[in-house]
Chemist: 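Input: one structure, supplied below.
A quick note: this is a predicted structure, and the numbers were derived from the prediction, not measured.
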Amino acid sequence: MTQYSTDYTIDELVVCSLAREIRDGEFVAQGGGTALGIVSVLLARLTHAPNLKYNYLSSVDPLFDNIGPGHSPDSVRGTALQRNMTIDGMVSMCIRGKIDVFSTMPAQIDRYGNVNVSLIGDHQQPQTRFPGGYGITDWFLYANRVYAYLPKHTRRAFVEKVDYITGQGHIAGETNGRQRLGIPGQGPQRVVTNLGIMGFDEDTHAMRMDSVHPGVTQDEIEANTGFELIVGSDLQETEPPTVEQVDLIRNRIDPMGLRKHRFDL
Amino acid sequence: MTQYSTDYTIDELVVCSLAREIRDGEFVAQGGGTALGIVSVLLARLTHAPNLKYNYLSSVDPLFDNIGPGHSPDSVRGTALQRNMTIDGMVSMCIRGKIDVFSTMPAQIDRYGNVNVSLIGDHQQPQTRFPGGYGITDWFLYANRVYAYLPKHTRRAFVEKVDYITGQGHIAGETNGRQRLGIPGQGPQRVVTNLGIMGFDEDTHAMRMDSVHPGVTQDEIEANTGFELIVGSDLQETEPPTVEQVDLIRNRIDPMGLRKHRFDL
Amino acid sequence: MTAKLMTLEEATQLIPDGSSVGIASPSVGPVALVPMALIREIVRQRKRDLDLYTPIMGLEGDLLIGAGCLKAVQAFAFRIIGQAVPPNFRRASIEGTITTREESEFSVTLGLLAGSMGVQFIPLHGYQNDHLQHHPEWHQFTSPVDGQEMVTITAITPDVAIVHVPKSDPEGNAKLGDTNDLNVMAAFSAPAMVRGAKRVILTAEEIVTNEEIRATPDETSILYHDVDAVVHVPHGAHPFGVTGYYEPDLEHFEEYLKAANTPESFEEYLKHFVNEPTDASAYLELVGVRA
Amino acid sequence: MTAKLMTLEEATQLIPDGSSVGIASPSVGPVALVPMALIREIVRQRKRDLDLYTPIMGLEGDLLIGAGCLKAVQAFAFRIIGQAVPPNFRRASIEGTITTREESEFSVTLGLLAGSMGVQFIPLHGYQNDHLQHHPEWHQFTSPVDGQEMVTITAITPDVAIVHVPKSDPEGNAKLGDTNDLNVMAAFSAPAMVRGAKRVILTAEEIVTNEEIRATPDETSILYHDVDAVVHVPHGAHPFGVTGYYEPDLEHFEEYLKAANTPESFEEYLKHFVNEPTDASAYLELVGVRA
């Protein structure tokens with residue numbers, strides 16, 4: 001019988017929720033700056049998805065299962081199938097639809113899953129400038145399924161319209177809008193936050209509340225979202241991490257707690 | 001004072017005529033199957049163009065000056081600046097306009113310098129099938145100046161219209177036709193045969209007789225050309241090879257006589 | 001055996017009649033990673049109406065033409081190890097029994113590059129020769145950038161790409177050897193066409209472990225996620241030679257050229273070297289190679 | 001000295017005010033072939049209105065912005081060795097004194113690839129984000145192949161590309177070292193941007209002979225015909241590190257970030273580290289490096 005953890009932290013819940021979205025044998029890509037995403041991939045590989053394939057920066061399928069400083073991008077390259085796939089190789093792989101799953105942490109997200117990691121405010125004279133999108137623009141178009149996670153579910157992050165579309169979400173109100181535009185990926189699937197898990201309506205593609213984390217209320221999520229969320233007909237409580245998952249996260253994958261970045265504020 | 005050879009052969013005259021078209025410091029490219037062209041490049045490098053740069057198949061600027069069997073494509077690669085420039089690198093170099101001079105031996109050529117190395121007769125059911133164009137199509141578009149040489153000046157080779165345009169020549173009657181089509185290279189400059197040297201009129205781009213080889217008459221060239229040649233106002237006798245050139249060709253560059261291919265029939 | 005590791009017979013069944021088949025590592029000279037054992041199996045299985053994509057068509061394509069497997073061929077050159085026009089190709093051309101789509105070094109290279117990157121086409125200026133009328137997949141258009149006339153060099157994405165490699169693991173992670181030792185075309189086209197193709201069959205001199213691939217990760221040229229089938233075939237490129245394994249069998253090339261000279265003698269060749277040997281090792285015994 | 005071998009002062013004069021300048025080997029982390037000595041000379045010569053093309057903008061671009069050399073910058077990320085948003089860039093963005101053309105990994109890669117091959121653009125489907133409105137060089141059009149909406153990712157061809165290399169001969173035949181040791185971006189972009197640029201300046205740790213280049217022809221990554229100027233600058237990437245030569249100076253990065261935090265302290269930094277040292281070796285003495 002599954003034994004659930006009773007002392008998990010919110011970052012661990014988010015890690016486990018993302019890990020559950022990865023199916024065995026799938027090909028997952030992850031950038032370098034998103035420790036929590038990496039922890040979720042390594043957790044999936046150590047539990048239900050032993051055959052997942054993984055591109056970590058330029059290393060193809062490195063075998064590491066620990067993101068401590070001994071497992072920096074450089075050091076894991078030696079265990080890869082290919083040590084330095086250059087950027088054209090990575091772009092090729094993604095355009096050709098080889099990547100099943102990608103996850104990232106945007107600064108803003110809107111009702112249709114458009115994400116912003118570029119700036120807040122006016123394009124020419126923003127109030128805040130972020131580091132920019134790297135490949136987020138591209139993976140949101142070409143990876144098969146993408147996931148977003150946000151450490152703080154607030155009205156500033158969940159907005160009616162993002163200030164800058166770095167990554168394209170769904171096409172408003174159009175069931176097959178992405179297909180019409182020739183976009184190969186299915187777009188954003190789930191948004192995992194410190195409060196709950198959101199999905200998108202199959203027809204209108206508007207964001208929908210799918211589950212509420214233990215101890216959080218539906219009202220709390222609605223109050224912290226800057227637009228009207230659809231409430232799923234089978235709204236559930238989020239499944240908590242298991243004892244095994246928490247043990248793997250804390251003691252094997254991320255003993256230094258790098259996953260807590262921005263969750264620990 | 002220049003001492004001319006009195007015992008040169010026709011292939012040697014053609015080699016020297018092509019070599020004279022290469023200016024010092026220019027970048028020359030040459031395919032593998034055209035021994036006579038290679039001899040002309042090596043001759044230019046050993047005489048008036050010591051600083052010419054040379055791409056021989058995939059070897060960038062190999063230092064060899066002998067095309068005997070000891071200097072096969074493989075063996076010269078070790079003296080190159082880059083041993084194996086792959087085809088995308090060669091294509092890039094040519095599209096970007098780095099190549100000054102290219103020469104080749106077509107099966108047919110027409111009034112405007114269109115060349116055919118593909119087939120004789122109907123496209124779907126030809127009478128004769130040749131090995132095809134390799135990069136001739138491309139170099140005729142993108143190399144700055146191209147040259148053709150033909151071992152037998154006949155009405156079958158010099159035709160009103162080639163059976164298959166493998167390499168594009170000039171645009172009929174249009175002074176800047178190539179520019180209008182966005183073609184960067186200047187196109188065919190000279191055609192050297194066993195009888196004479198042809199150029200192209202600056203305005204109409206029609207083929208023009210520029211010089212007649214020693215012992216050949218203007219009538220002979222006209223009789224062996226399948227269309228009406230313009231006769232240049234300063235029609236000359238072709239300058240013969242020098243004693244030095246013939247010595248270099250026979251004793252240093254091509255002691256095996258590979259240049260004679262198709263000239264010795 | 002993983003699902004990808006299979007026999008020549010099984011792998012060849014991944015090539016339906018009417019498919020476009022690309023040879024990812026074409027021959028320029030006699031040393032080349034041409035999957036000859038697979039080509040012979042295609043003949044043995046009497047595949048029909050194949051459309052061959054190969055930058056340079058040599059003995060391998062001529063064998064397929066002579067055996068009646070091809071309806072069309074696309075290449076920028078037609079030559080056996082840099083010399084003769086392939087005899088069956090010449091005969092089929094003159095008889096009009098094969099469709100030839102000739103192209104050029106640039107169009108092959110840009111088409112493979114487009115396929116490799118997953119983009120639809122790469123545009124080229126000025127390309128207005130007779131190749132154009134044989135390529136319905138190339139479209140003339142006006143550049144949205146500067147209004148000039150252009151041609152789309154459309155991505156080359158064969159239904160099945162086939163390539164012989166020195167080493168592969170059972171999943172299809174493969175090494176081509178020092179790419180500087182490959183010919184100028186293959187060093188580019190082998191990885192590029194493998195990426196662009198819808199399905200990929202590797203034949204390999206050696207099957208190595210995944211651990212061996214990971215031990216030298218800088219040498220991996222083909223990755224498992226592009227590969228559908230892996231077949232272990234020692235001497236799989238004969239009569240071509242493979243660097244580090246064996247020299248080309250130049251006498252066999254001569255024997256081939258002589259045989260292909262007439263339909264009758266070519267039938268004899270096919271019978272003797274392709275159809276009668278019961279498998280790849282019987283062939284090797286026949287040509288005097290110890291596998 | 002050949003015509004290409006010159007001093008930093010001379011080479012920098014090949015960059016007119018208003019030019020677009022591309023950094024062919026951008027930094028991802030602290031080990032990178034960034035031509036920092038040349039960047040400092042650009043500041044010293046008070047170049048103005050430059051348009052910087054760099055896939056990832058780090059300390060080098062931030063220094064140019066803080067010194068008032070740039071009018072615009074194009075990149076897919078803005079980060080100093082993978083960490084902080086560059087302080088001068090952040091300030092200039094908020095004040096509106098710099099034009100930012102953000103793009104993505106795909107658009108940079110395809111733009112560099114187009115420039116490298118000499119083609120006008122590479123088409124991409126579905127690219128309809130907010131980057132688009134900042135890139136007048138990208139044109140929306142209808143695919144002549146299948147009628148779908150596309151964007152031209154137009155070739156990236158800066159007026160001048162600059163790159164630091166371990167070894168070059170006097171003509172500009174250069175080695176980048178083992179490209180597997182370069183970062184994921186630079187291993188592709190260094191040779192690609194050099195090909196696409198109208199003019200190229202190399203700074204080199206060592207000047208070697210042409211014979212030395214020919215002795216290991218498989219290691220030549222940049223060829224003379226693309227290069228206009230070669231400058232010998234040992235430790236020319238400091239504070240970045242160069243594999244096989246020196247480690248990055250991480251303390252200097254920290255010092256930079258602290259200084260760039262306010263315009264006043266950045267002015268001090270500029271004065272002390274860029275304008276006051278009389279030449280590259282005076283700089284190295286100042287930062288405690290023995291050249």
Chemist: For chain C, find its close neighbours in residues 175-187 of chain B: heavy-atom separation under 4.5 Å, sorted by number, or none.
Modeler: B/Gln179, B/Arg180, B/Leu181, B/Gly182, B/Ile183

Chemist: What is the distance from atom CG of C/Asn180 to atom CD of B/Gln82, rounded to the nearest 0.5 Å?
Modeler: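 Going from CG on C/Asn180 over to CD on B/Gln82, the span is 8.5 Å.
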
Chemist: Under the side-chain contact (heavy atoms from CB on, under 4.5 Å) test, which residues partner C/Ala67, sequence neighbours left out?
Modeler: C/Val43, C/Cys69, C/Leu270

Chemist: Measuring from C/Phe76:CZ to B/Asp138:CG, what's the distance to the nearest 0.5 Å?
Modeler: 9.0 Å

Chemist: Nearest 0.5 Å please: distance from the CE atom of C/Met185 over to the CD1 atom of B/Ile87.
Modeler: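 Here the rounded value is 5.0 Å.
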
Chemist: Non-hydrogen contacts under 4.5 angstrom with chain B: give the residues of residues 108-133 of chain C involved, or none if there are none.
Modeler: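 Heavy-atom contacts from residues 108-133 of chain C to chain B are C/Thr109, C/Leu110, C/Leu124, C/His125, C/Gly126, C/Tyr127, C/Gln128, C/Asn129, C/Asp130, C/His131, C/Gln133.
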
Chemist: Please classify the contact of C/Thr100 with chain B as side chain, backbone, both or neither, using a heavy-atom distance under 4.5 Å.
Modeler: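 For C/Thr100, side-chain heavy atoms alone lie under 4.5 Å from chain B.
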
Chemist: Classify the ring geometry between C/Phe106 and B/Tyr142 as parallel (under 30°), tilted (30 to 60°) or perpendicular (over 60°).
Modeler: tilted

Chemist: Where on B/Ile95 is there a heavy atom nearer than 4.5 Å to chain C: the side chain, the backbone, both, or neither?
Modeler: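 Both parts, backbone and side chain.
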
Chemist: Look at B/Pro131, B/Cys94, B/Gly132 and state which one has the largest set of heavy-atom pairs under 4.5 Å with chain C.
Modeler: B/Pro131

Chemist: Among B/Asn84, B/Asp88, B/Leu57, find the residue that satisfies the side-chain contact (heavy atoms from CB on, under 4.5 Å) test when tested with C/Val184.
Modeler: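 Single pass found, and it is B/Asn84.
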
Chemist: Could you walk me through whether B/Arg77 and C/Asp181 pass salt bridge (Lys or Arg N to Asp or Glu O under 4.0 Å), step by step?
Modeler: CA-CA 10 Å; B/Arg77 291 162 73 187; C/Asp181 287 330; 5.6 Å; no

Chemist: Measuring from B/His123:NE2 to C/Thr99:OG1, what's the distance to the nearest 0.5 Å?
Modeler: 13.5 Å

Chemist: Looking at every heavy atom in both B/Pro126 and C/Ser93, which two are closest together, and how far apart are they?
Modeler: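 Heavy-atom minimum between the residues: CD-O, 3.3 Å.
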
Chemist: Tell me, out of B/Thr166, B/Thr86, B/Val91, who's got the most heavy-atom pairs with chain C below 4.5 Å.
Modeler: B/Val91

Chemist: Relative to chain B, which segment of C/Glu102 carries a heavy atom at a distance below 4.5 Å: side chain, backbone, both, or neither?
Modeler: both

Chemist: Can you confirm whether C/Arg48 is buried at CZ, in the sense that more than 12 heavy atoms of other residues, nucleotides or ligands lie under 6.0 Å from that atom?
Modeler: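 Enclosed.
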
Chemist: Please check if the number of heavy atoms outside C/Glu137 that lie under 6.0 Å from its CD is greater than 12.
Modeler: yes

Chemist: Can you sort out the partners of B/Ser103 under side-chain contact (heavy atoms from CB on, under 4.5 Å), two or more places apart, ordered by chain and number?
Modeler: B/Gln30, B/Tyr147, B/Tyr149

Chemist: Would you indicate whether C/Gln148, at its atom CD, is surrounded by more than 12 heavy atoms from other residues, nucleotides or ligands within a distance under 6.0 Å?
Modeler: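 Atom CD in C/Gln148 is crowded, with more than 12 foreign heavy atoms closer than 6.0 Å.
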
Chemist: Does some side-chain heavy atom of B/Phe130 sit less than 4.5 Å from a side-chain heavy atom of C/Arg90?
Modeler: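 The answer is no; the side chains never approach within 4.5 Å.
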
Chemist: Look up atom CZ in C/Phe188 and atom OG in B/Ser58, then write down how far apart they are to the nearest 0.5 Å.
Modeler: 14.5 Å

Chemist: Side chain, backbone, both or neither: which part of B/Gln168 has a heavy atom under 4.5 Å from chain C?
Modeler: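 The answer is the side chain of B/Gln168.
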
Chemist: Quick one: does NZ or CZ of B/Arg129 land under 6.0 Å from the six-membered ring centre of C/Phe89, within 45 degrees of the ring axis?
Modeler: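 No - B/Arg129 does not lie over the ring of C/Phe89 by the 6.0 Å and 45° rule.
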
Chemist: Side chain, backbone, both or neither: which part of B/Met85 has a heavy atom under 4.5 Å from chain C?
Modeler: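 Just the backbone, heavy atoms under 4.5 Å.
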
